[in-house]
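All ligand and atom numbering here is 1-based and tracks the order in the structure. Residue indices begin at 1 and follow the sequence shown.
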Amino acid sequence: MPEVIPIGADHAGYELKRRLVEELRALGYEPLDLGTSGPESTDYPDYAHQVASRVEHQDARRGVLLCGTGLGMSYAANRHHGVRAAVAWTPEIARLAREHNDANVLILPARFLSEAEGVEILKTWLDTEFAGGRHSRRVAKIDQEQG
Ligand code: RB5
């Protein structure tokens, strides 16, 4: 059964999201497009919370979000327990977000990327495994409040 990947964007990420939905399908995944469904102005937290809560409740293993800078989406998504949402603007950052941080939500800063760059970042993130080892200890500490 194909992996279901929830994906959401505000108006700033809407065009690139359309391209990534096609790409996910072409790669054999089942994208679950949670909107927005047009270029009209919307509020990024509405989509961040929908995608992140699916990952938090393990209805999906990973998800994808897009907004203008990626920042608003990351603030909202990272409030969900167990969600590690990473803004990636190059394939290298996407790779490190997986290998070192086990990022389970990819966030793309759509206003700063071409379609081709967005696709490359998505593919790298999808294909990279968490490296484990010393990184497991560090990722576990994310949920331990200190001080
Ligand atoms: C929308 O104009 C913009 O603020 C939003 O897409 C995002 O960049 C917020 O962080």
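- Under a 4.0 Å criterion applied to the non-hydrogen atoms of H11, ligand 1 contributes the atoms 1 (C), 2 (O).
- The closest donor-acceptor contact from the side chain of R84 to the backbone of D102 lies under 3.5 Å.
- Between G68 and ligand 1, a contact under 3.5 Å exists for at least one N or O pair.
- Counting only heavy atoms of the protein, atom 6 (O) of ligand 1 lies nearest to D10 OD2, 2.6 Å.
- H80 has its ring centre less than 6.0 Å from the ring centre of H49.
- Under 3.5 Å, the side chains of R79 and Y75 contain no donor-acceptor pair of N or O atoms.
- For a threshold of 3.5 Å applied to N or O pairs, the pair formed by C67 and ligand 1 contains no separation below that value.
- Checked by distance only, ligand 1 and Y44 stay at 3.5 Å or farther apart across all their nitrogen or oxygen atoms.
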**OP:** Take L65 and L108, measure what side-chain contact (heavy atoms from CB on, under 4.5 Å) needs, and give me the verdict at the end.
**Re:** CA-CA 6 Å; L65 288 164; L108 292 157; over 6 Å; no
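- Per-residue contacts place A12 under 4.0 angstrom from the following atoms of ligand 1 (heavy atoms of the residue considered): 6 (O).
- Contact atoms of ligand 1 toward R111: 1 (C), 2 (O), 3 (C) (distance under 4.0 Å to a heavy atom of the residue).
- In this structure, atom 4 (O) of ligand 1 is not in close contact with the protein, since no protein heavy atom lies within 4.0 Å of it.
- Remark: distances from the non-hydrogen atoms of M73 to ligand 1 are all 4.0 Å or more.
- The structure places CD1 of I7 at 13.0 Å from CD of Q50, a figure rounded to the nearest 0.5 Å.
- When the side chains of ILVMFWY residues are joined at heavy-atom separations under 4.5 Å, either directly or via intervening members, L27 and V119 end up in a single hydrophobic cluster.
- Taking atom 10 (O) of ligand 1 as the reference point, the nearest protein heavy-atom neighbour is G72 N, 2.9 Å.
- Between L106 and L126 the shortest side-chain heavy-atom distance does not fall below 4.5 Å.
- At a heavy-atom distance under 4.0 Å, atoms from both the backbone and the side chain of T69 approach ligand 1.
- Ring geometry for H135 against H100 counts as parallel: the plane angle stays under 30°, on a 0 to 90° scale with 60° as the upper cut.
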